[in-house]
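Contents: one structure, followed by commentary.
As the structure is a computational prediction, the values presented were derived from the model and not from experiment.
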Amino acid sequence: MQHVLTFEEDGSAHTLWTDALPLAELGTLRVRRASWIDFNEHSQRWEVRLDPHADDPVFSHALREKCLLWENQILNR
């Protein structure tokens, strides 16, 4: 999985969280959710939402890993 780290002019950085990078070494962290991946018991699929209150998911799949890959590809654009 590719990890993209973007730096702003003020020195702040943006990325999707990963334990593969020692992000705390960059300084003080401010972590916010970029998406919500939850299991839907009725459909028996994992669902991705960019807004936790949205009725419809933006992506769904039977495998959670596929949802994580989709999240990574879409949000790292």
Q.
Side-chain heavy atoms nearer than 4.5 Å, only ILVMFWY residues, links allowed to pass through others: does that put L75 and W36 together?
A. no
When every non-hydrogen atom of H42 is compared with those of N40, the smallest separation belongs to N-OD1, 2.8 Å
Apart from F7 itself, its cluster of hydrophobic side chains linked below 4.5 Å comprises L5, W17, L21, L23, L26, L29, V31
(message) If you apply the rule side chain to side chain contact (heavy atoms under 4.5 Å, CB included), what do you find for E65 with C67, and how did you get there?
(response) CA-CA 5 Å; E65 185 65 24; C67 289; over 6 Å; no
Transitively linked via ILVMFWY side-chain contacts under 4.5 Å: V48 with V4? no
Residues E47 and R49: closest non-hydrogen pair is OE1-NH1, 2.9 Å
Review point. Is any side-chain heavy atom of R64 closer than 4.5 Å to a side-chain heavy atom of I37?
Key: yes
Residue pairs meeting salt bridge (charged side-chain N to carboxylate O under 4.0 Å, His left out), one or both in residues 9-19, sequence neighbours left out, come to none
*asked:* Tell me whether F39 shares a hydrophobic cluster with L50, the cluster being built from Ile, Leu, Val, Met, Phe, Trp, Tyr side chains joined at under 4.5 Å.
replied: yes
Closest non-hydrogen atoms of S60 and R45, given as atom of the first, atom of the second and distance, are O-NH2, 2.9 Å
Margin query: Under 4.5 Å between side-chain heavy atoms, counting indirect links through other Ile/Leu/Val/Met/Phe/Trp/Tyr residues: same cluster for I74 and W46 or not?
Written below: yes
- If you draw a 6.0 Å radius around CD in Q44, do more than 12 non-hydrogen atoms from other residues or ligands fall strictly inside? yes
Would a distance-only check, ignoring hydrogens and angles, find a side-chain to backbone donor-acceptor pair under 3.5 Å from E25 to P22? no
- prompt: Between N76 and N72, is there a donor-acceptor pair closer than 3.5 Å when you use the side chain of the first and the backbone of the second?
  reply: yes
